[in-house]
Amino acid sequence: MRMWPFVKPIWFVSLMSIIVGIPIGALDATVALFLKPYTDLVIVNAANVQAPWYLSFLIVGFTIVQGILIYLSNFLTAVAGGKLNYFVKEKLYAKLLSLDTSYYDKQNSGVILFRFSSDADLACNGLLHNLKTLVTRICSTLGLLCVLIYTSWQLAIIAIIVLGITAAPLTMVRRLLKKIVKQNVETSQKINVNYNETYTGNRTILAYNLQKAQQKTFNEHLSTIYNLSVRMVKRTAWISPFMHFSVAIGVSLTIAFGSWLIVQKVITAGDFVAFLAALIMMYTPLKAMGNTIVNIQNGFLAIERIYEIFEEQPKITEKENALELQEFQNQICFKNVTFGYKENINVLKNFSLCIKKNESIAIVGNSGGGKSTLMALLPRFYDVKEGSIEIDGIDIRDLQLDSLRQQISVVFQDNFLFHGTIRSNILLGNPNATEKEIQATLKSAYLDEFIANLPEGLDTEIGERGTQLSGGQKQRVAIARAFLRNAPILILDEATSALDNKSEAIVQQAIENLMKNKTVFIIAHRLSTIKNAHKIAFIQEGELMEFGTHNELMNKENGLYKQLYQIQFQKKESENNKEKQTIAEAQ
């Protein structure tokens, strides 16, 4: 029932894929049924020598029909399972995109890969296939059971009792599996993380000779998977031999009792042969049904895990009658903002400041003081615990998320570039940009000369996460993306801190172009890059300690900003003197 919204568009195909299994199973009974007249007329009495030809043609005909139905069933199952998988994965990915940053903070890549992909395969393709198999085997069992009752109700009683005993363990499968499957899923997620970290962190692994350590971690996870597999076999593998044993008992009792019934002339030899054939044919799929039930239960458990994701609610939501932010006109204010990632630990404490339109404000302070956190609150990656953030007097929680974020461009310290070309990454800022606008953007971002020297220009592939580009080049691509977006509010989050001096100089020029006619928030450790900002806010342990222009803060006796600036200036001066001394010695 939980899967019904996904099954509904393809209910007919799904139903037919299962219904076709009914005659497939039922046709198994025809072979056994035809053995009765064959045995009585030909083998025992030799009354009709034509009977074998007649019956042979019927058996071949029924087998051909059954083969056609099996093909049709497999085709319908593939179509229905594929579509169902498509619908579920489509909604899962939409759910993944709707979840906010705090969800990703708590999860790892292994969870995402397994639960958003592998579980869908197991819950859709695997489940539908196994349900079809189960229906086919049940119908085969029922059809053959009818043959048993028709040929000898006395022997059928034995068969039904044995059938009940044989099927009893199948009711225990879910309870036996659930805990182990959960542990197996968790470990499989960790293995996915191992693969992902090996791919993304290959340079770190090589640089620090971590191959053995990584291999050890991976082997530990593999060992856990192995042990869980063994435990699963220990818990469930006994079902199959138990069913084999029960079947053997049933067949033995049938032979003994059937022989007595023949002697007593209660049944004919044909009845007995037909019954025995039907019994063996009925027990054969039943013995394999244990594995099918296990697979179906795995599918149901996957559905439960999927619906845990569907029931996950994003913390960042839009109000029912949210306002559209048409245009930023006046000022942005942080009013008594308190925020923390954990329940009882606040990163920002009663923080307040305002910035007017087209002003630039630098957020500085020691590491861990809450600078980046402050800027993550403006586009509502997180919501404040207390206080408010207002744009033109409107709390951002009262605004439509899309319209809020459309007014903001962010250039991060480590900008994410998508697999594809330079052009496709730049156009993320504005997919409708003209070629003229793109060329103007390249020039403003100081990318034009670099791109002109590439054989494929803008259409050069940059690799996953932009691995084919240097740090400075990636930053300029991100800046070009922000240029095309042309949002009135700009956040520069440590945009040059990871670059060397030469790259920083070029990127800084591109940033200065980007900052024109915008309201800018600058987060920087290097204070030399922000002294021209209209205002500077010094944050320490989540509190606003100082606020003013560069000159005002430098004139403040024992000021925190002044101390930090002097430390950095002295360090830079010392580095410059060492460089000059090295050059002089070389000369």
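Residue numbers count from 1 along this sequence. All heavy atoms count here, side chains included; hydrogens, waters and symmetry mates do not.
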Exercise for the section: Assess Lys562 against Tyr565: is NZ or CZ under 6.0 Å from the centre of the six-membered ring, and within 45 degrees of the ring's axis? Expected result: no

Give a yes or no on whether Gln563 atom CD has more than 12 heavy-atom contacts from other residues, nucleotides or ligands under 6.0 Å away.
-> yes

Heavy-atom nearest pair, Lys385 first then Lys342, reads NZ-O, 2.9 Å

Evaluate the criterion side chain to side chain donor-acceptor pair (under 3.5 Å) for residue pair Gln211 and Gln215; output intermediate values, then yes/no.
CA-CA 6 Å; Gln211 293 92 332; Gln215 185 68 59; over 6 Å; no

Any chance you could lay out the side chain to side chain donor-acceptor pair (under 3.5 Å) test for Thr421 and Asp459, step after step, and finish with the verdict? CA-CA 5 Å; Thr421 64; Asp459 297 313; 4.6 Å; no

For residues 411-494, the disulfide (SG to SG under 2.5 Å) pairs (sequence neighbours left out) are none

inquiry  = Walk me through whether Asp383 and Arg397 qualify under salt bridge (Lys or Arg N to Asp or Glu O under 4.0 Å).
reply    = CA-CA 8 Å; Asp383 269 342; Arg397 290 169 291 189; 5.4 Å; no

### Other residues, nucleotides, ligands: >12 heavy atoms within 6.0 Å of Asp392 CG
yes

Output, in order, the C-alpha distance, side-chain angles, deciding distance and verdict of side chain to side chain contact (heavy atoms under 4.5 Å, CB included) for Leu378 and Phe521.
CA-CA 10 Å; Leu378 183 56; Phe521 293 88; 3.7 Å; yes

Heavy-atom nearest pair, Asp119 first then Ala302, reads O-CB, 3.7 Å

Any donor-acceptor N or O pair under 3.5 Å, side chains Ser470, Gln473
yes

* Atom NZ of Lys95 with >12 non-hydrogen neighbours under 6.0 angstrom -> yes

Exercise. List the steps, then state whether side chain to side chain contact (heavy atoms under 4.5 Å, CB included) holds for Ile363 with Ile522.
Key: CA-CA 6 Å; Ile363 314 293; Ile522 309 165; over 6 Å; no

Q) Looking at Arg380 and Glu318, does any basic side-chain N land under 4.0 Å from a carboxylate oxygen? A) no

**Prompt:** Can you check side chain to side chain contact (heavy atoms under 4.5 Å, CB included) on Ile491 and Val411, steps first, answer last?
**Reply:** CA-CA 6 Å; Ile491 298 173; Val411 180; over 6 Å; no

Residue pairs meeting ring pair (Phe, Tyr, Trp, His ring centres under 6.0 Å), one or both in residues 90-110, sequence neighbours left out, come to none

Heavy-atom nearest pair, Ala445 first then Ile479, reads CB-CG2, 4.3 Å

**Message:** Within the supplied structure, the quantity of interest is the number of heavy atoms (other residues, nucleotides, ligands) at a distance under 6.0 Å from Glu449 CD; does it exceed 12?
**Reply:** no

Heavy atoms of other groups near Lys335 NZ, more than 12 under 6.0 Å: no

Check your understanding: So, are Asp100 and Lys315 salt-bridged, with charged N and O less than 4.0 Å apart?
Key -> no

Atom pairs and distances, side-chain donor-acceptor, residues 352-359, under 3.5 Å, sequence neighbours left out:
residue, atom, partner, partner atom, Å
Ser352, OG, Asn336, N, 2.7
Ser352, OG, Asn336, OD1, 3.2
Lys357, NZ, Phe328, O, 3.1
Glu359, OE1, Lys356, N, 3.3

- Query: Just checking, is any N or O donor in the side chain of Ser372 or Asp493 under 3.5 Å from an acceptor N or O on the other one?
  - Reply: yes

Contacts of Asp448 meeting salt bridge (Lys or Arg N to Asp or Glu O under 4.0 Å) (sequence neighbours excluded), chain-then-number -> none

Shortest non-hydrogen pair, Gln407 vs Pro488, comes out as OE1-CG, 3.0 Å

In short, ring pair (Phe, Tyr, Trp, His ring centres under 6.0 Å) pairs touching residues 360-404 with sequence neighbours left out are Phe339-Tyr382, Tyr341-Tyr382

**Side chain to side chain, Leu442 and Phe450, heavy atoms closer than 4.5 Å** = no

Asn555 meets the side chain to side chain donor-acceptor pair (under 3.5 Å) criterion, sequence neighbours left out, with none

Per side-chain contact (heavy atoms from CB on, under 4.5 Å), Phe547 is matched among Ile361, Leu553, Ile539 by Ile361

Tightest non-hydrogen contact, residues Arg481 and Phe416, listed as NH2-O, 3.1 Å

Looking only at heavy atoms, the pair that brings Arg476 and Tyr446 closest together is NH1-O, 2.7 Å

Pair Thr187, His221: side-chain N/O donor-acceptor within cut-off below 3.5 Å:
no

